[in-house]
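These notes are about the structure you will find just below.
Below, chains carry the letters A, B, ... as their sequence lines are ordered, and counting in each starts from 1. Here the structure is a predicted model, which is why all the values come from computation and not from measurement.
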Amino acid sequence: MTQQNSMTDVSLEGNRVPTSMTQIGIITKYEMRNYFRSRRFFILLGLGLAIEALLTFLVYHDGGSSGFVNGLQFYSTWWGDSATYIVIFSAIFFGGDAISGEFQNKTGYFLVGNPIRRASIYIGKWFAAVAASLIIIGIATAICLVNGIYYFGTSVPSQFGESLIFTLVYLIAALGLTFMFSCTFKSSSFSILVSVILLLFGFTVIEDLLDVFVHIEPWFLLSYGSQIIGNILMATYPAHTTTGLGFGGRHGAPITITMFNATVLEGLAIMLLYFVVTAVLGLVLFERKEFN
Amino acid sequence: MPSHSLEAVNLSKNYGSFTALDNLNLKIEGSKCVGFLGPNGAGKTTTLKLFTDMILATKGSALINGVPVHQNKKTALSHCGSLIETPEIYPSFSPREALMMISEIRGIPPSERKKRLEEAIAEVKMEEWIDKKVGKFSKGMKQRVDIASAILSEPEIVILDEPTTGLDPRGAAEVRDIVKSLKKKDRLIFMSSHLLPEVSEVCDEVAMIDHGKLLVYDTLENVTSRFSGDGSSNSVEVGFSRPIDDTKMISSLQGVLSVERMDSRNLRIKFQGGLKNQENILANLAAMRIGMISFRASVSALEDSYLNLIKDTL
């Protein structure tokens with residue numbers, strides 16, 4: 001006999017289909033199990049460890065603490081430069097084909113015909129990607145901290161904590177974006193390629209072109225928002241600056257470059273907006289995508 | 001006990017200008033096996049995908065037990081297990097892990113999961129492979145795990161899209177046995193297939209579709225009696241435990257038009273009239289005590305019906 005139960009979405013003889021929240025947890029659990037057995041997780045882990053090992057060696061080789069004015073500069077150099085790349089690679093590795101792979105490899109057919117909302121599959125996979133990325137970021141953070149504490153003691157600057165939080169916000173935004181791309185295409189390689197081009201080069205190139213030629217603040221670019229990860233670690237938070245490069249412009253006008261720097265609030269707003277918009281678009285795309 | 005049902009109401013699906021499914025109205029209910037027949041591109045898989053919310057209807061609704069699948073997927077599919085095409089499973093998973101995931105998603109009680117999982121795996125004869133990685137499996141082995149997944153939660157309704165595709169003859173026979181055992185458990189099975197002997201063997205009813213339109217939906221007997229040959233005759237295939245040398249007695253039975261020897265122990269009997277005559281012939285053959293061990297609608301009759309109804313292959 002079929003019964004409705006307020007605790008669950010559906011219940012019937014013997015089986016009681018769990019709530020969507022529980023199903024999200026189930027998908028996350030099994031997706032993580034899949035990640036931990038996948039080559040790509042260990043490749044990214046190896047890549048992260050290699051970057052951190054290289055930084056450890058370079059800092060040691062350059063005289064350790066003597067190469068930096070203070071601890072803040074150490075964290076700025078180390079974390080400010082490497083954190084965004086770790087996030088970008090995590091987003092590409094874990095989000096680039098998270099959904100498109102389900103279509104291309106036909107693994108989606110195994111799940112979608114079951115009593116589970118597509119949104120639960122999407123969110124569950126997204127949580128798993130966040131969790132897997134957090135492991136990589138966590139290891140990178142630990143190595144950075146161990147080096148920082150070794151050279152500059154246990155008084156870790158508070159800006160490092162803030163930068164870490166911004167890194168996590170950047171991670172959820174970047175994963176939102178790559179998940180959306182993976183919903184847009186049915187080919188894994190294509191969705192990964194688009195993610196790589198945009199996150200690694202595209203945003204930065206557009207940002208530079210805007211700085212040099214148009215002098216428009218690139219508030220609509222995710223990379224612009226993510227600048228706050230490194231900027232917060234600077235001794236003085238950078239403002240917009242315009243630099244002259246001589247008189248080589250049209251009719252002898254001076255050539256200038258304007259370096260825009262998002263404030264912390266602007267940066268957070270850009271990243272959170274990216275996350276919300278791409279998450280909504282990704283969910284809508286996945287809901288409407290057909291398995292054919 | 002509530003009746004299980006699958007219903008398509010004005011169900012249509014277009015891909016651009018191509019109409020894959022054209023205003024399908026079909027209701028199947030009860031405990032039976034319904035074969036879904038049609039040529040390539042007729043709209044069979046499209047229909048089954050609409051019933052499992054894998055694609056979106058252009059118009060109309062697919063209902064499971066009266067519940068619209070797209071609008072209320074969790075409720076509708078909680079009663080339904082399915083196998084559409086050959087789904088892939090994460091290569092790093094074992095069948096046990098893959099089925100455990102499905103059992104959790106479907107809400108099989110934790111205390112029963114292990115038992116049901118092992119029963120489903122035993123049903124598809126994959127016990128030896130239950131803890132091996134799926135990545136090393138052949139297509140046929142994956143198909144078996146997929147079938148186990150479809151029946152794992154003991155659903156009232158099972159939708160199967162060409163379930164024996166990719167299986168060797170033994171595997172195909174085992175799948176047919178699974179379908180037969182599901183029928184005994186009062187399940188409603190909706191199964192697409194290109195294999196007419198398979199449909200003849202396991203299905204009670206058939207629905208034929210072509211160019212996205214339903215041509216006929218009726219019992220196997222009615223379809224074959226209406227559409228095979230000139231429409232005035234029917235065929236049954238009768239098996240015997242011993243060779244039948246003299247068929248004169250059978251030929252003389254009322255309504256029998258001809259008796260064709262398929263081999264020494266199997267005859268194809270062509271007769272006129274409908275189910276009543278078929279029933280009489282069966283009763284008379286049993287009364288003759290000549291070792292009859294099987295009696296079923298002729299595959300060739302279904303093939304005739306199919307060929308009469310479906311003129312094109314594309």
_Nearest non-hydrogen partners of Gly113(A) and Met54(B), listed with the distance_ = N-CE, 4.1 Å
*Select all residues of residues 283-292 of chain A having any heavy atom within less than 4.5 Å of some heavy atom of chain B, and report them by number, or 'none'.*
Glu287(A), Arg288(A), Lys289(A), Glu290(A), Phe291(A), Asn292(A)
Side chain, backbone, both or neither: which part of [X] has a non-hydrogen atom closer than 4.5 Å to chain A?
X         : result
Glu97(B)  : both
Ala150(B) : neither
Lys142(B) : neither
Phe51(B)  : neither

Say you draw a straight line from [atom1] of [X] to [atom2] of [Y]; how long is it, rounded to the nearest 0.5 Å?
X         : Y         : atom1 : atom2 : answer
Phe110(A) : Glu88(B)  : CZ    : CD    : 10.5 Å
Asn114(A) : Ser78(B)  : CG    : OG    : 11.0 Å
Tyr30(A)  : Met101(B) : OH    : CE    : 7.5 Å
Ile102(B) : Ile26(A)  : CD1   : CD1   : 10.0 Å
Gln23(A)  : Lys74(B)  : CD    : NZ    : 4.0 Å
Arg117(A) : Asp53(B)  : CZ    : CG    : 11.0 Å

*For Ser92(B), does its backbone N or O pair with a side-chain atom of Arg37(A) as donor and acceptor, under 3.5 Å?*
yes
*For chain A, the option from Thr86(B), Ile159(B), Leu56(B) that forms the most heavy-atom pairs under 4.5 Å*: Leu56(B)
*asked:* For the interface with chain A, which of Thr52(B), Ile89(B), Leu83(B) has the highest count of heavy-atom pairs at distances below 4.5 Å?
replied: Ile89(B)
[Y] and [X], any side-chain heavy atoms less than 4.5 Å apart:
X         : Y         : value
Val112(A) : Lys73(B)  : yes
Glu31(A)  : Tyr90(B)  : yes
Arg106(B) : Pro115(A) : yes

_Max heavy-atom pair count under 4.5 Å with chain B, selected residue of Ile27(A), Leu111(A), Ile116(A)_ = Ile116(A)
*Among His79(B), Glu154(B), Arg116(B), find the one that has a side-chain hydrogen bond (donor to acceptor under 3.5 Å, both in side chains) with Asn15(A).*
Arg116(B)
*Report, as yes or no, whether the 6.0 Å neighbourhood of atom CZ on Phe127(A) holds more than 12 heavy atoms from other residues, nucleotides or ligands.*
no
*So does Lys29(A) have more than 12 non-hydrogen atoms from other groups sitting under 6.0 Å from NZ?*
yes
